[in-house]
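Everything below concerns the one structure shown next.
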Amino acid sequence: MAVGRGVACLGGRKGAGGPCTSGHVTVKMAAFPWRSRNRNYKAEFASCRLEAVQLECGDYHPLKPITVTESKTKKVNRKGSTSSTCSSSSSVADPLSSILDGTDPLSLFAATLDPAAMAAATNLFMGSEKGRAGATVSAMSEKVRTRLEELDDFEEGSQKELLNLTQQDYVNRIEELNQSLKDAWASDQKVKALKIVIQCSKLLSDTSVIQFYPSKFVLITDILDTFGKLVYERIFSMCVDSCSVLPDHFSPENINDTAKETCLNWFFKIASIRELIPRFYVEASILKCNKFLSKTGISECLPRLTCMIRGVGDPLVAVYARAYLCRVGMEVAPHLKESLNKNFFDFLLTFKQIHGDTVQNQLVVQGVELPSYLPLYSPAMDWIFQCISYRAPEALLTEMMERCKKLGNNALLLNSVMSAFRAEFIATRSMDFIGMIKECDESGFPKHLLFRSLGLNLALADPPENDRLQILNEAWKVITKLKNPQDYVNCAEVWVEYTCKHFTKREVNTVLADVIKHMTPDRAFEDCYPQLQSIIKKVITHFHDFSVLFSVEKFLPFLDMFQKESVRVEVCKSITEAFVKQQQEPTKDPVILNALLHICKTMHDSVNALTLEDEKRTLAHLINGFIKMVSFGRDFEQQLSFYVECRSMFCSLEPVLVHLIHSVNRLAMETRKVMKGNHSRKTAAFVRACVAYCFITIPSLVGVFTRLNLYLHSGQVALANQCLSQADAFFKAAISLVPEVPRTISVDGKVRPSESFLLEFLCNFFSTLLIVPDHPEHGVLFLVRELLNVIQDYTWEDNSDDRIRIYTCVLHLLSAMSQETYLYHIDKVDSNDSLYGGDSKFLAENNRLCEAVMAQILGHLKTLGKDEHLGPRRPAQQQAEPTVCQPVAPGAEAWLCRHQDHGKNSGIHQEAKQTTRHDSPDGAGTETPPANKDLSPAPTDVQSWAGSAVLSPHWNLGF
């Protein structure tokens, strides 16, 4: 180390280094204790002139930053110590250690005490039991030294382990240390846990990567919080035994001696940490534990810890330390506001250090500009201000504003004040803040960030009404001058909400036009999609009248800036969703319709082969919601034209087409309701147009059952509107589609058999066929005969009872058709009961169909009875039994009674002959079997229950 010229002789006394000769001085450290003497510096300066010399101390200087180099170490014995670390590399010893010759002040102090006092102090320090015999002074000194060396040793979390790591590796390592802390604590390795916390806290003094410091602070304080929680819970558990439970608001008198000694032990351990920053952070982390020792412990520790921060030289490290202390203080003692204010005032006193040479040189070395450096203070300052402003009166804001003015309206402080205090307080003083922002020095912290913070407050609270326009003008003067698109859009995003909230569409249109002007050059909008999306959401949130919104001239051009398809679709979804939720009544406004059709078309065109089903359902739901809200009243033709246009625009979304078909059918029924069933030539043509719309649209759908149900529904609508030929066309299309029904279908992502769904559809179809009149050119019951042929040819599951269920439903239908008057009719539509009037030929055809159906049923029962000798009935038999136990048509009963087959099924026929049905209370119409028929053969089990079930004496159609 070289000593500069002109420095006085360092020897102090004569003999300390010899007289000064030839202008050179050999310096040796003085022995303790030092004694001062009177010096005549002028005489000494005249007698000798000092020159720079190279001292025999290596290249180490106490004020030089310490660089830790990884080296292999080994333990060697030394005088007065159990162990020490000797490095194989040329590392420099600690200057204090070299001065003390291997001893430290605590060891020297211990050597001067008598053994009894030292034993008592050590027992208290180590948390040992009372009354334990004291050990020798040397043993206790060795134990204390060992503990101190263990705490200072670089192992877990040391800085050398975290050098040269990427940001993600650093985060992962900190998370590993947090888990290691929990594991060490769980395995009762308390010293190891404390070492991890100490070494992690040391990292908070490192600002070598200054822009990463806020993130590092959050990661490490998480570890500190975990440690503080573990220590508190351990001491608390020592206070709770089987006899007593601590109350929620306990006092130190409720704490037993063991818990107090353990708590003191932790504070003594932390007090022995040599470095300031880890000692401060670790003690602050267990601040809550002072509740176990005294009532005033926390109130006494907070001012002391606040004063400790004054020893931190780096202003960034100091402000985050104050933020941590404020946070911990608010958690354990929110009523103690004095320490919070003291932290803030200390920060104001040291705030000028930011512009000092030390900080500026550090920024130059790291290549960080001041505008990038100052925002690093914001998180810590915001937290300090939030703690101070918590439930604070409005007068405190006035005081803070005055202090900011005294510091020259510092922008960083002003921004934190606006971020921390209640929005209502800020809004009432909006013009005062604008005046302060104008006077702020823009170097380091730009004004547009201050206006952004002010705008965030004004979005939450309303300023005075007379100042609103002036506030907008003053803010926008600054915002519109910004050249950087990112800075501009960040501010505009905030002030758009203020504009929408307090002004009309004229001002909103002006703001949107200015945003388009700034974002269009060089396609700057491509980098600002999140902010532009936020602007759209804020506009549609405050404009509930969409006719006003879409009349804003620059709204649709604003949407054109969303060139990226995924973002554009998300924006369109937001607008459509807002319309569906906020629109209370149906509309026919052409401005709304044209705009939303364009928006919905954009959503529809984004669908492709890779689009997920969930996304398709979401888009279809939004488009259907829009279609529902469109109504032209009694102008049915205009309504149908709208549906035609929608069909052409949204043909790729099947749920939308289904909704359109239902809407058109509803439109036809509304027309029938208006005309009270008496269609004119014009309305009849319109209804046929609606029916044609549905008939054309249904084949474009994919789902088989969807098409079947729509054919049936549309046919019913056509029949209700007296469109008989169109209804026949729908029913024929449905019958021709039945063979295409697959054996299995997917329902909610699960594969299920389709027969149960087909059975449900056919039952509904049979109910409709009862009232469908026959076509004069196609013969009697032509639709029923075609449907029976399709059912017979359909491939059914083996031993399934659904087929016999369907045939039983056909018997119900034929039974109802044989009645003189049907159970129900459609107004102004003549069914077969009116057309045939009980004609014998019609009844004969009905009976022939009944015979064919009964033959199918009996054939199925015969199949079920083949395997009866194998044991109990199979599941199919058990299912078929209740199925056939239902009433049938008179024609079927007559066929059974007349049947002359003496084959294997003769038992069933004999059973049928014994069964009678009474058509009237007086017994008229009773049919008995001929006397010459032999009834002796006993039926099999299957024949017995089948025969008795088919001819039940009670008849209920069940339609």
Side-chain angles (χ1 to χ4, degrees), residues 585-590 592-593 597 624 626-650 656-700 707 709-734 764-765 767-778 782-783 821-837:
E585 297 179 356
T587 181
K588 60 178 180 179
D589 189 330
I592 296 178
L593 297 186
L597 280 174
N624 288 341
F626 158 64
I627 294 174
K628 288 179 183 178
M629 299 306 299
V630 177
S631 175
F632 290 89
R634 289 293 184 90
D635 192 352
F636 293 154
E637 293 182 353
Q638 185 67 28
Q639 190 80 32
L640 182 60
S641 300
F642 172 74
Y643 291 147
V644 171
E645 185 177 3
C646 289
R647 182 179 62 183
S648 64
M649 297 178 69
F650 311 128
V656 178
L657 295 179
V658 172
H659 178 75
L660 288 172
I661 293 171
H662 285 302
S663 299
V664 172
N665 283 329
R666 189 182 305 111
L667 185 63
M669 295 305 293
E670 289 179 1
T671 305
R672 178 179 182 272
K673 182 179 178 180
V674 171
M675 300 302 295
K676 297 181 181 180
N678 299 314
H679 284 295
S680 63
R681 180 178 299 179
K682 182 177 181 181
T683 58
F686 175 77
V687 168
R688 287 194 293 271
C690 293
V691 171
Y693 178 100
C694 297
F695 191 78
I696 294 171
T697 309
I698 292 175
S700 64
R707 282 183 282 165
N709 290 318
L710 287 175
Y711 275 134
L712 179 59
H713 184 214
S714 301
Q716 293 169 349
V717 172
L719 195 61
N721 285 279
Q722 301 133 47
C723 301
L724 301 183
S725 59
Q726 287 83 357
D728 288 344
F730 280 114
F731 297 143
K732 287 181 180 180
N764 293 332
F765 197 4
S767 300
T768 303
L769 290 179
L770 174 63
I771 54 177
V772 176
D774 285 339
H775 196 283
E777 298 178 0
H778 296 157
F782 73 100
L783 290 176
T821 303
Y822 291 170
L823 292 177
Y824 47 85
H825 296 84
I826 292 181
D827 188 28
K828 296 182 174 55
V829 175
D830 293 330
S831 300
N832 287 337
D833 59 344
S834 300
L835 295 178
Y836 294 107

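Residues: numbered from 1 along the sequence shown.
In this structure, the separation between NE2 on H679 and CZ on R688 is 9.5 Å, given to the nearest 0.5 Å. Atoms CD1 and CG, from I771 and L823 in turn, are 11.0 Å apart once rounded to the nearest 0.5 Å. Distance CE/M649 to CG/L660: 11.5 Å, rounded to 0.5 Å. Distance CD/E637 to SG/C690: 9.5 Å, rounded to 0.5 Å. For the atom pair CG of L657 and OG1 of T697, the computed distance is 7.0 Å after rounding to the nearest 0.5 Å.
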Evaluate the side chain to side chain contact (heavy atoms under 4.5 Å, CB included) criterion for residues V656 and I627: first the C-alpha distance (whole Å), next the side-chain angles of each, then the deciding distance (0.1 Å), finally the verdict.
CA-CA 9 Å; V656 178; I627 294 174; 4.0 Å; yes

Run V772 and S831 through side chain to side chain contact (heavy atoms under 4.5 Å, CB included) and show every step you take.
CA-CA 6 Å; V772 176; S831 300; over 6 Å; no

Report the C-alpha distance between C694 and L710 in whole Å, list the side-chain angles of each, state the deciding distance to 0.1 Å, and finish with yes or no for side chain to side chain contact (heavy atoms under 4.5 Å, CB included).
CA-CA 8 Å; C694 297; L710 287 175; over 6 Å; no

If you apply the rule side chain to side chain contact (heavy atoms under 4.5 Å, CB included), what do you find for F782 with D774, and how did you get there?
CA-CA 7 Å; F782 73 100; D774 285 339; 4.2 Å; yes

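The two residues Q639 and S631 make their nearest non-hydrogen contact at OE1-CA, 3.4 Å. Nearest heavy atoms, A729 versus F695: O-CE1, 3.9 Å. Residues K676 and K828 come closest through the heavy atom pair O-NZ, 4.2 Å. Among all heavy-atom pairs drawn from Y711 and A734, the shortest one is CB-CB, 3.9 Å. Closest non-hydrogen pair, F636 versus L667, comes out as CD2-CD1, 3.5 Å.
Side-chain N/O atoms of D728 and H775 include no donor and acceptor closer than 3.5 Å. Of the N and O atoms on the side chains of S680 and T683, at least one donor lies less than 3.5 Å from an acceptor on the other residue. Side-chain contact annotation: D830 with H825, donor-acceptor N/O pair under 3.5 Å absent.
Here the side chain of R672 pairs a donor or acceptor atom with the backbone of A720 at under 3.5 angstrom. No donor-acceptor pair under 3.5 Å is formed between the side chain of N832 and the backbone N or O of L835.
With contacts defined as side-chain heavy-atom distances shorter than 4.5 Å, the pair H713/H662 qualifies. Between V691 and S714 the shortest side-chain heavy-atom distance does not fall below 4.5 Å. Considering only heavy atoms from C-beta on, V630 stays 4.5 Å or farther from K588 through its side chain. Taking 4.5 Å as the limit, some side-chain heavy atom of L597 sits within range of a side-chain heavy atom of C646. Contact check for V687 versus Q722: no side-chain heavy atoms found under the 4.5 Å cut-off. Considering only heavy atoms from C-beta on, V674 stays 4.5 Å or farther from T671 through its side chain. Looking at heavy atoms from C-beta onward, L719 lies in side-chain contact with P773 at the 4.5 angstrom threshold. Side chains of R666 and E670 form a contact here, defined as non-hydrogen atoms less than 4.5 Å apart.
Between Y693 and Y643, the distance from one ring center to the other does not fall under 6.0 angstrom.
A side-chain hydrogen bond (donor to acceptor under 3.5 Å, both in side chains) with Q716 holds for exactly one of T768, N721, N665; it is T768.
Counted within 6.0 Å of NZ on K628, heavy atoms from surrounding residues, nucleotides or ligands total 12 or fewer; the atom is thus considered open.
Classification of the F642-F626 ring pair by plane angle, with boundaries at 30° and 60°, yields perpendicular.
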